[in-house]
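Below, all heavy atoms of this structure are taken into account, side chains as well, without hydrogens, waters or symmetry copies. As the structure is a computational prediction, the values presented were derived from the model and not from experiment.
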Amino acid sequence: MAGPLSETQSVHSQTIMVTNNRVGSATSRQSGRSGRSNRSRASSLAKSLLGMASDDQLHARLVAGLKLLGITIPPVAAVVFLSVLMVVQLQKDLSETSSLQAFLSESQRIQELVGALQRERGMTCVLLERATSATSVERSELTGNLSRLRGETTEILFSIPDWGQISSIGGAFESQRTFFQSLAEHRAKVGVSVNDCFENIKYYSSSIDTFIKYSEQMFYGSSSGKYWGKLEALRMMIHANDLVGIKRALGGSFFAATFFTPEMNQHYTEVSGAVIRLLDLASSSDADVAQYLLSVAQSPEGQMAISSMEAMEIEIRNNRTTGLNSSLNWFNNVTVYMNTVIQPTTRFTDGKISEETKSKRDSKIQTFIITIAIMSVVLVLSVTVTIWFGVDSHRLNNKIKEKASELAVEKSKTDQLLNQVLPRSIVRELKVKGVVAPQTFSAVTVFFSDIKGFTQLSAKSSPMQIINLLNELYSAMDTTLDRYSCYKVETIGDAYMVVSGAPKPNGTVHSTEICTMALDVLQEIGNLKIPHMPEERLMMRIGIHTGPVAAGVVGLKMPRYCLFGDTVNTASRMESTGEPMCIHLSDSTKHHLEVHHSHENYTVEPRGERLIKGKGVMMTHWLLGKDNFPFYINLEASRLIYEQTHYWRDLNDYTFSSANSNNPDATDFFT
């Protein structure tokens, strides 16, 4: 209705304007012929002619003219304004894209330097560990390899065309020359004042971390939200590459020294776990990166590199002694793994970002040209329609973006909640199929724990104190659980249920994962104090059983992943019939450890036959420890401490430190 009405009013106003022009021309010609004396008469005649139109008609003409101006001027102003905005936005986008491309180019050179420093770091550790035991031939070979790697590092350092903003860090990083001087000073100290692998790793890692942090600052300086997924994946891959380098150095140190101290073993385990988590984060950040990482890992070269490295990692876990050849083999195997899996994925991610930034820039330019052309044509044809469409489209686009943003936020919240409630594999199956079919697992290991005397403790505590206590307890256990191939099924009050082998089968390692995790948890709980009763400590009972289970998602409004079967009941009985600060094993779990994990040398003590409710007489055992684990459970100490200390009594008379007691076995949970 608005379009036709406007056209009618426009034609009407144009007719009025033409009539007025004709009357004005006739009046001017008449007054010109008559001379100055006839001007008054001409003016009177013009007034009489104009007076022929009524006041309503004059008002209508004025309104029509104002409407015409109102229709014409705002669209023109809006088109000009929008064009200016588009030019400004395009310039901003092009500037961001150019900055990102410049950063990627600089980042590639920094990554090459970081890789060279990592290789030099690893070979230096091998040389330090073999310094005293290597033959002259072996030492000559190691020295030659290290000299070659140092030369590569120096060459890459001085090949960086522009030190750029790195100089803003200051200190040794003020210029390439100052950094080389710092590097040369450390090289000169190797074997003289630097004789320890950890001290060597500390120096190189400090420099590498500085370069990585500089790259991260450049990452976060970009406001291109489109690339955040790939940028985050690239950041994770850079960190993973550095940690694999540390892993290479530590492993080389192990094979060179032929043993691992507990501290070195713990550091190696933490680094290995961190590499896995970083690769998972990189995969989850971007689908293209995840697909490429999977493809290179499954390629023949990738599988060969991974299998070779895993084979040597078995030697590290078994603490098997070896010599120089294994040190070099380990260094070469990890280097091959980095060259075939980690670094290609990093380069792929970097390349994808460069490709997309170039594509975005070209698209922006093309879109701008096409848009300006269309706007010009539409403006010539119909300014009114253009403005109407532009305003309406702008409003609609903003609404769509707003709704899409809200939808993305809500979807992210939903995914996070689902991943906290259910296993990720189950969540993925729910999204794809809508339902999850129940599964049976032929062999899993189930862990149950609770706090002895928790009911009496709750009676003496306020609700908020209990909540704070459980939060600390669960946080400590959750943190420990993340280090193992286990899944937390549920928590009820102070009870904690964990399974290994489901929902993701892990072969035969479920028993050793649960048992090692149980030892780790018991150590953490032994150091955990009650916040509102700092003089007292929690006493946990743990029960473990191995066997078949059925599993599935139960419920609609609040779905839960649940386990069913006699294995669950038996594991619960192991916990309820156990003793505080002890790990109660069923005969099934002990047998599984003996068959599949005898090389880990678990220390298991028979408890004897016990009458188990609902099961009858069962042979059960105590798990006391394992080789290369930093503590050992002392049953007599645990029992005596429990007999002497209860939550309703003062624990200040009893100490948990063997250094302050005449009877160490009666005051330490672990020895």
Minimum heavy-atom separation for Ala551 to Phe441, with atom names? CB-CE1, 3.8 Å

Restricting to pairs with a member in residues 527-549, which pass ring pair (Phe, Tyr, Trp, His ring centres under 6.0 Å), not counting sequence neighbours? none

So do the side chains of Phe564 and Val554 get within less than 4.5 Å of each other, counting heavy atoms only? yes

Residue pairs fulfilling salt bridge (Lys or Arg N to Asp or Glu O under 4.0 Å) with at least one residue in residues 243-260, sequence neighbours excluded: Lys247-Glu313

Surrounding CD of Gln291 (heavy atoms of other residues, nucleotides or ligands, distance under 6.0 Å), is the total greater than 12? no

Over all atoms of both residues, closest heavy-atom pair of Ile201 and Ala249: CD1-CB, 4.0 Å

My understanding is that only residues two or more places apart in sequence, or in another chain, count here; which of them pass side-chain contact (heavy atoms from CB on, under 4.5 Å) with Ile306? Ala297, Glu310, Tyr337

Contacts satisfying ring pair (Phe, Tyr, Trp, His ring centres under 6.0 Å) that involve residues 476-507 (not counting sequence neighbours) are Tyr474-Tyr496, Tyr487-Tyr561

Could you go through the side chain to side chain donor-acceptor pair (under 3.5 Å) check for Glu513 and Thr445 one step at a time? CA-CA 9 Å; Glu513 288 291 310; Thr445 300; over 6 Å; no

Is Ile467 close to Met464 at the side-chain level, that is, under 4.5 Å between some pair of heavy atoms? yes

At their closest point, which heavy atom of Asp566 faces which heavy atom of Lys615, and how far apart are they? OD2-NZ, 2.5 Å

Min side-chain heavy-atom separation Thr512-His596 under 4.5 Å: no

Run the side chain to side chain contact (heavy atoms under 4.5 Å, CB included) test on Val617 and Ile612 for me, step by step, so that the C-alpha distance in whole Å, both residues' side-chain angles and the decisive distance to 0.1 Å come before the verdict. CA-CA 6 Å; Val617 177; Ile612 305 299; over 6 Å; no

For a quick check under 3.5 Å, do Thr349 and Tyr292 share a side-chain donor-acceptor pair by atom type? no

Full working for salt bridge (charged side-chain N to carboxylate O under 4.0 Å, His left out) between Glu579 and Arg541: CA-CA 6 Å; Glu579 296 181 7; Arg541 296 184 304 191; over 6 Å; no

Among Arg610, His584, Arg607, which residue satisfies the side chain to side chain donor-acceptor pair (under 3.5 Å) criterion with Thr620? His584

From Thr345 OG1 over to Met338 CE, what is the distance, rounded to the nearest 0.5 angstrom? 12.0 Å

Just checking, is any N or O donor in the side chain of Arg121 or Ser205 under 3.5 Å from an acceptor N or O on the other one? yes

Do other residues, nucleotides or ligands put more than 12 heavy atoms under 6.0 Å from Met619 CE? yes

Hey, could you give me each pair passing ring pair (Phe, Tyr, Trp, His ring centres under 6.0 Å) that has a residue in residues 500-525? Not counting sequence neighbours. His510-His592

Could you tell me the separation between the CG atom of Leu528 and the CE atom of Met477, rounded to the nearest 0.5 Å? 10.5 Å

Distance from Cys582 atom SG to Leu624 atom CG, nearest 0.5 Å? 8.5 Å

Other residues, nucleotides, ligands: >12 heavy atoms within 6.0 Å of Lys529 NZ: no

Check: Met497 and Leu563 side chains under 4.5 Å, non-hydrogen atoms: yes

Thr589 OG1 to Ile514 CD1 distance, which is reported to the nearest 0.5 Å: 9.5 Å

Please assess Arg639 against Glu636 for the test salt bridge (charged side-chain N to carboxylate O under 4.0 Å, His left out), listing each intermediate value before the final yes or no. CA-CA 5 Å; Arg639 291 165 180 162; Glu636 294 302 324; 3.3 Å; yes

Does Asp520 reach the side chain of Arg483, with side-chain heavy atoms less than 4.5 Å apart? yes

Using only heavy-atom distances, determine whether the side chains of Ser449 and Glu575 contain a donor-acceptor pair under 3.5 Å. no

Does one side chain, of Asn506 or Ser500, offer a donor that lies under 3.5 Å from an acceptor on the other? yes

Measure the CG-CD1 distance between Leu623 and Ile544 for me, rounded to the nearest 0.5 Å. 6.5 Å

If you compare all heavy atoms of Met517 against all heavy atoms of Thr480, which two are closest, and at what distance to 0.1 Å? O-CG2, 4.4 Å

For residues 298-308, pull every pair meeting side-chain hydrogen bond (donor to acceptor under 3.5 Å, both in side chains), keeping only residues two or more places apart or in separate chains. none

What heavy-atom pair brings Met312 and Asn329 nearest, and what distance separates the two atoms? SD-C, 4.0 Å

Given side chains that start at C-beta, do those of Thr546 and Val444 come closer than 4.5 Å, heavy atoms only? no

Interatomic spacing from OG in Ser458 to CG in Asp494 - rounded to 0.5 Å: 7.5 Å

Heavy-atom closest contact (Val126 atom, Gly252 atom, distance): CG2-CA, 3.8 Å

